[in-house]
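These notes concern the structure reproduced below.
These numbers come from the heavy atoms of this one structure, side chains and all, not from hydrogens, waters or symmetry mates. In what follows, chains are A, B, ... by sequence order, proteins preceding strands, each numbered from 1.
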There are 2 protein chains.
Amino acid sequence: MNKKEEVAIQVEDLQPGLSIDCVIFGFHENELKVLLLRLKNSDIWALPGGFVNKEIDVDQEAIHVLKNRTGLESIFLHQFHLFGSVSRNNTYHTNHLIEQKLLDPNLKEWFAQRFVTVGYYALVEYSKVEEPTPDLLSEACEWCAINDLPNLMLDHKDIILEAHATLKKELNHQPIGLNLLPEKFTIPELQSLYETVLEKKLDRRNFRRKMLGYDILIQTNEKRTGVAHKAPDLYKFDQEKYHLAISQGFKSGW
Amino acid sequence: MNKKEEVAIQVEDLQPGLSIDCVIFGFHENELKVLLLRLKNSDIWALPGGFVNKEIDVDQEAIHVLKNRTGLESIFLHQFHLFGSVSRNNTYHTNHLIEQKLLDPNLKEWFAQRFVTVGYYALVEYSKVEEPTPDLLSEACEWCAINDLPNLMLDHKDIILEAHATLKKELNHQPIGLNLLPEKFTIPELQSLYETVLEKKLDRRNFRRKMLGYDILIQTNEKRTGVAHKAPDLYKFDQEKYHLAISQGFKSGW
DNA sequence: TCAAAAGTGTTTTACCTACACCCATGC
DNA sequence: GCATGGGTGTAGGTAAAACACTTTTGA
């Protein structure tokens with residue numbers, strides 16, 4: 001392990017003590033998953049995140065993180081909370097990185113200061129993230145089921161839980177699905193997504209009626225074939241109306 | 001104007017580039033108001049805010065700001081957004097302060113950096129804020145009607161508008177009034193508060209039925225006397241149920 | 001006594017809930 | 001053919017929206 005593998009960071013260009021963390025949600029095999037990084041030579045996982053350049057909008061940096069880890073752009077990304085506890089410092093983790101010669105010891109003080117982090121959550125289509133890419137300090141980037149999270153650094157578990165709670169709330173005003181499901185999907189698949197996010201079962205028939213009532217779905221002429229039982233109809237979102245619903249919001253809740 | 005009036009700030013104790021701003025709402029004469037500070041020797045106004053000590057939780061610092069400006073504690077205070085635009089720097093304002101000898105020129109660089117600010121909004125009872133106190137850089141602290149805002153520094157107007165929008169949304173899940181109205185109030189007064197926040201008229205009878213349906217009001221034996229027309233009944237909040245409703249949330253919206 | 005605001009009630013409509021039934025498909 | 005999931009319809013209850021009427025008070 002030589003100098004070349006050390007992470008080069010120009011700390012003077014960065015907003016000190018500020019970071020961002022992205023809770024990137026994906027939906028696969030009826031499970032809600034988040035994209036996590038495993039730190040090098042460690043069994044501790046962390047949210048994809050990064051620092052904020054002094055000359056770049058914070059929201060813009062979140063877009064960068066998402067792009068770098070998933071390759072995806074212009075998808076749903078929403079700032080939801082700032083985590084500013086005093087205990088948010090990386091002393092332990094920083095020492096570990098320096099021991100492993102992954103970090104320049106001169107950066108120790110900078111890394112070990114209290115970091116305030118801005119939480120974002122993103123909704124991405126699982127299958128479109130072809131190769132999740134770890135960052136410089138990590139050696140793995142994987143989808144983890146939200147109900148079976150590994151050992152997470154600092155308060156990252158709280159951040160994930162808060163993101164999930166926020167997502168649940170938002171479901172009362174906004175549709176979801178556009179960035180979590182493939183372009184064409186069946187209503188039962190959409191329902192499964194809702195049930196997974198909400199963590200409760202919904203009535204088939206009422207779900208269909210309510211969802212169709214939102215007037216954001218377009219029925220295609222196709223059906224999902226090759227599966228057992230009756231072939232369900234394929235739908236897609238009416239993107240214009242979908243985005244209108246996002247911006248204007250629904251009236252009632254579930 | 002001598003050295004003694006200069007503001008003493010130990011910048012080394014502060015989280016660099018991070019500030020908080022509080023949108024403190026009050027309700028008076030059927031108007032929604034916010035508490036604003038007028039900067040010394042200037043006609044520019046600003047939100048009450050401050051910097052964040054490295055050793056103190058960000059949320060805790062917001063409580064401090066509220067306490068220092070209004071004298072109030074343990075009231076509704078909610079973090080709602082981080083404003084992180086690159087353009088958030090105080091160059092203009094800093095120069096003005098130094099010219100007025102209100103700020104040590106040595107602090108110029110620190111003050112002029114890009115500041116990311118955490119927005120909080122608070123709901124306070126107008127009459128309980130007996131003497132709004134300006135901070136060290138301000139010479140006035142006054143209630144301003146939200147529909148008639150003065151000239152505000154930086155993006156503080158956006159912050160206020162966003163706080164108001166957030167408050168409107170929250171109304172769908174939570175009751176308000178406990179910290180905005182006096183202990184005892186009439187239902188028409190509560191309705192007027194809702195109408196002011198929502199910026200639309202509501203039906204008297206439906207409002208009453210819906211509000212009573214929430215089961216958070218307790219009717220007192222008293223009536224509001226001395227006013228014209230039929231004396232309305234005075235109510236107060238059932239604080240236990242009120243806070244339960246805050247934490248658990250309602251189902252539907254308006 | 002009269003205008004204006006407060007308290008109470010009713011009708012209509014829409015939606016949510018909880019069901020029952022038939023249809024298509026793979027095994 | 002039969003179990004399983006998908007599409008469709010319907011009756012009952014609840015709540016929201018849109019109303020009218022009576023009561024109380026100060027001027």
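The aromatic ring centres of A/Tyr126 and A/Phe27 sit 6.0 Å or more apart. For A/Phe207 and A/Tyr194, the ring centers sit closer than 6.0 Å to each other. A/His81 and B/His81 have their aromatic ring centers separated by at least 6.0 angstrom. Residues A/Tyr242 and A/Tyr214 place their aromatic rings such that the two centres sit no closer than 6.0 Å.
Between B/Asn206 atom CG and C/dG9 atom P there is a gap of 14 Å when expressed in whole angstrom units. The distance from atom CG of A/Leu202 to atom P of C/dC19 is 15 Å, rounded to the nearest whole Å. Spacing between atom NZ of A/Lys223 and atom P of C/dC23 amounts to 14 Å, rounded to whole angstrom units. The nearest whole Å value for the distance from the CG atom in B/Leu234 to the C1' atom in C/dG7 is 14 Å. Atom CG of B/Leu190 and atom C1' of C/dA6 are 15 Å apart (whole Å). Note: CZ (B/Phe250) to C1' (D/dA16) measures 16 Å, nearest angstrom. Regarding B/Met211, its CE atom lies at a distance of 17 Å from the C1' atom of C/dA6, rounded to whole Å. For the pair A/His229 NE2 and D/dG1 P, the computed distance is 18 Å after rounding to whole Å.
Listed pair A/Lys210 / C/dC15 fails the phosphate criterion, with no side-chain N or O lying under 4.0 Å from OP1 or OP2. In this model, the phosphate group of D/dA18 is not approached by any side-chain N or O of B/Arg205 to a distance below 4.0 Å at OP1 or OP2.
Mapping A/Arg209 and A/Tyr235 onto DNA chain D via the closest heavy atom, the residue that lands nearer the 5' end is A/Tyr235. Mapping A/Arg204 and B/Asp203 onto DNA chain D by nearest heavy atom places A/Arg204 at the nucleotide closer to the 5' end. Between B/Ala231 and A/Gly226, the residue anchored nearer the 5' end of DNA chain C, judged by the nucleotide with its closest heavy atom, is B/Ala231.
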